[in-house]
Protein chains: 2
Amino acid sequence: MTSHEIKSTFRDAIAKSDTEQRAKIFASLADPTRLGIVELLSLQGEMSSSEIANQAEISLALLCHHSKILAESGLVYTRKDGQTRYYRLNQELIKTCFASLVEPE
Amino acid sequence: MTSHEIKSTFRDAIAKSDTEQRAKIFASLADPTRLGIVELLSLQGEMSSSEIANQAEISLALLCHHSKILAESGLVYTRKDGQTRYYRLNQELIKTCFASLVEPE
DNA sequence: AGAGAAGTCAAGTAGTTATTTAACTATTTC
DNA sequence: GAAATAGTTAAATAACTACTTGACTTCTCT
């Protein structure tokens with residue numbers, strides 16, 4: 001194996017892990033319930049769990065499940081104040097993620 | 001039910017179906033194999049089934065499966081010339097889809 | 001016409017995930 | 001401190017989907 005091939009393999013491995021990471025972000029937008037949550041946050045800024053659950057017409061338990069997925073992918077930030085948890089969108093991540101598909105890298 | 005409520009319900013139904021439609025587009029980007037295909041198309045423009053399958057290191061049967069999902073969501077256009085099928089990205093759809101998450105509607 | 005190439009289809013398997021329900025842990029408020 | 005509020009967790013079910021394999025169609029070229 002030449003030095004070029006080694007470098008190429010390494011670069012491909014990096015690119016592959018990037019792709020998998022990005023696929024996870026898209027996966028967190030791929031469910032209608034979660035996308036609805038993201039759209040609510042996009043329109044209204046910071047919201048609490050109960051506010052989101054009410055407006056999205058889902059149970060608090062289901063919101064908790066989906067918000068964990070959104071937070072884990074990095075798409076939403078969360079903070080807890082007393083017994084209330086607040087969420088807001090990470091719009092920068094959304095922008096960079098889409099830029100990678102539209103502009104040649 | 002007042003006229004306002006009727007309109008509101010109708011608008012919500014439209015919004016919901018829009019959300020489901022968009023979720024499908026994101027779902028087609030949510031799989032690492034498909035996202036890899038989209039990234040190849042983004043970098044190289046129009047490609048044939050075999051070219052994609054070779055570069056993505058997947059079987060032609062698997063490419064066929066994934067490309068159907070990509071075409072159905074509208075993310076890729078296809079055309080067939082003889083026995084060869086060519087694919088290219090619908091970059092406009094990608095742009096409008098992301099705009100809906102970043103800018104207030 | 002026959003051989004090979006390019007793509008499509010269908011069935012089966014294995015793994016993943018969205019949703020519900022119920023129980024449980026904080027945190028306020030009276 | 002008791003009751004209500006806000007959120008979290010776990011288990012169970014049901015639905016979905018990525019991938020493999022093998023057979024099949026359609027097209028091209030000699």
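Below, chain A is the first sequence line, B the second, and so on; all start at residue 1.
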**Q** Work out how much the helix from C:dA1-D:dT30 to C:dC30-D:dG1 bends between its end axes, five pairs an end, to the nearest 10 degrees.
**A**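 Taking the rotation axis at each end, their angle is 30°.
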**Q** Regarding B:R85 and B:S49, do their side chains bring together a donor and an acceptor under 3.5 Å, going by distance alone?
**A**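 B:S49 and B:R85 do not have a side-chain donor-acceptor pair below 3.5 Å.
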**Q** Is any side-chain heavy atom of A:E46 less than 4.5 Å from a side-chain heavy atom of A:R79?
**A**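 Yes, close enough: below the 4.5 Å cut-off.
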**Q** Heavy atoms within less than 4.0 Å of DNA chain C: which residues of residues 30-38 of chain B have one? Give them sorted by number.
**A**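 Under 4.0 Å from DNA chain C: no residue of residues 30-38 of chain B.
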**Q** In this structure, how many angstroms lie between the P atom of D:dG7 and the CD1 atom of A:I58, rounded?
**A**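 A:I58 atom CD1 is separated from D:dG7 atom P by 12 Å.
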**Q** Heavy atoms under 4.0 Å is the rule here; annotate nucleotides 1-14 of chain C 5' to 3' with B where the base is hit, S where only the sugar-phosphate is, and - elsewhere.
**A** ----BSBBB-----
**Q** Can you measure A:N54 atom CG to D:dG7 atom C1' for me and round it to whole angstrom units?
**A**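 The distance from CG of A:N54 to C1' of D:dG7 comes to 13 Å, rounded to the nearest Å.
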**Q** Is it the case that more than 12 heavy atoms not belonging to B:E72 sit under 6.0 Å from its CD atom?
**A**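 Not buried by this count: 12 neighbours or fewer within 6.0 Å.
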**Q** Taking C-beta and beyond as the side chain, do A:R88 and A:M47 meet within less than 4.5 Å on heavy atoms?
**A**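 No, side chains not in contact.
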**Q** C:dA18 P sits how many Å from A:L29 CG, rounded?
**A**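 So the two atoms are 12 Å apart, to the nearest Å.
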**Q** Can you tell me which residue among A:D18, A:I25, A:T19 is in a side chain to side chain contact (heavy atoms under 4.5 Å, CB included) with B:L35?
**A**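 So the option named by the test is A:T19.
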**Q** Looking only at side-chain N and O atoms, does B:Y87 offer a donor or acceptor that is under 3.5 Å from a partner on B:S67?
**A**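 The criterion, which ignores hydrogens and geometry beyond distance, is satisfied for B:Y87 and B:S67.
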**Q** Check for a donor-acceptor pair, side chain of B:S42 on one end and backbone N or O of A:L101 on the other, with a separation under 3.5 Å.
**A**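 Confirmed, B:S42 side chain pairs with A:L101 backbone.
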**Q** Rounded to whole angstrom units, what separation is found between the CG atom of B:L70 and the C1' atom of D:dA18?
**A**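 Checked: the CG to C1' distance equals 13 Å.
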**Q** Mark yes or no for whether A:N90, through its side chain, and A:G74, through its backbone, hold a donor-acceptor pair below 3.5 Å.
**A**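 Yes, because the side chain of A:N90 sits within donor-acceptor range (under 3.5 Å) of the backbone of A:G74.
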**Q** Expressed as a whole number of angstroms, how long is the span from A:L62:CG to D:dA11:P?
**A**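 To the nearest whole Å, that distance equals 18 Å.
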**Q** Counting the atoms with a prime plus P, OP1 and OP2 as sugar-phosphate, which does A:I52 contact under 4.0 Å by heavy atoms, base, sugar-phosphate, or nothing?
**A**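 The answer is nothing, as A:I52 stays clear of every strand by at least 4.0 Å.
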**Q** B:S73 and B:S28: which non-hydrogen atoms are nearest, and at how many Å?
**A**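 So the minimum-distance heavy-atom pair works out to OG-OG, 3.2 Å.
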**Q** Across the strands shown, which category fits A:L63 at heavy-atom distances under 4.0 angstrom: base, sugar-phosphate, nothing?
**A**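 The residue A:L63 makes no contact with any strand.
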**Q** Rounding to a whole Å, what distance do you find between A:D81:CG and D:dG7:P?
**A**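 Roughly 11 Å, once rounded to whole Å.
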**Q** Tell me: CD of A:E72 to P of C:dT16, nearest whole Å?
**A**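 Going from CD in A:E72 over to P in C:dT16 covers 14 Å.
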**Q** In terms of side-chain heavy atoms, does A:Q44 have a donor or acceptor partner in A:E51 at a distance below 3.5 Å?
**A**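 No, because no side-chain N or O of A:Q44 sits under 3.5 Å from a partner of the opposite role on A:E51.
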**Q** If I take atom CD in residue A:E20 and atom P in nucleotide D:dA18, what distance separates them, rounded to the nearest angstrom?
**A**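 In whole Å, D:dA18 P lies 14 Å from A:E20 CD.
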**Q** Looking at every heavy atom in both A:R34 and A:A27, which two are closest together, and how far apart are they?
**A**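 Smallest interatomic distance, heavy atoms only, reads NH2-O, 3.1 Å.
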**Q** Hey, does the side chain of A:H65 come within less than 4.0 Å of C:dT20's phosphate (OP1/OP2), counting only N and O?
**A**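 It does not, given that no N or O in the side chain of A:H65 lies less than 4.0 Å from OP1 or OP2 of C:dT20.
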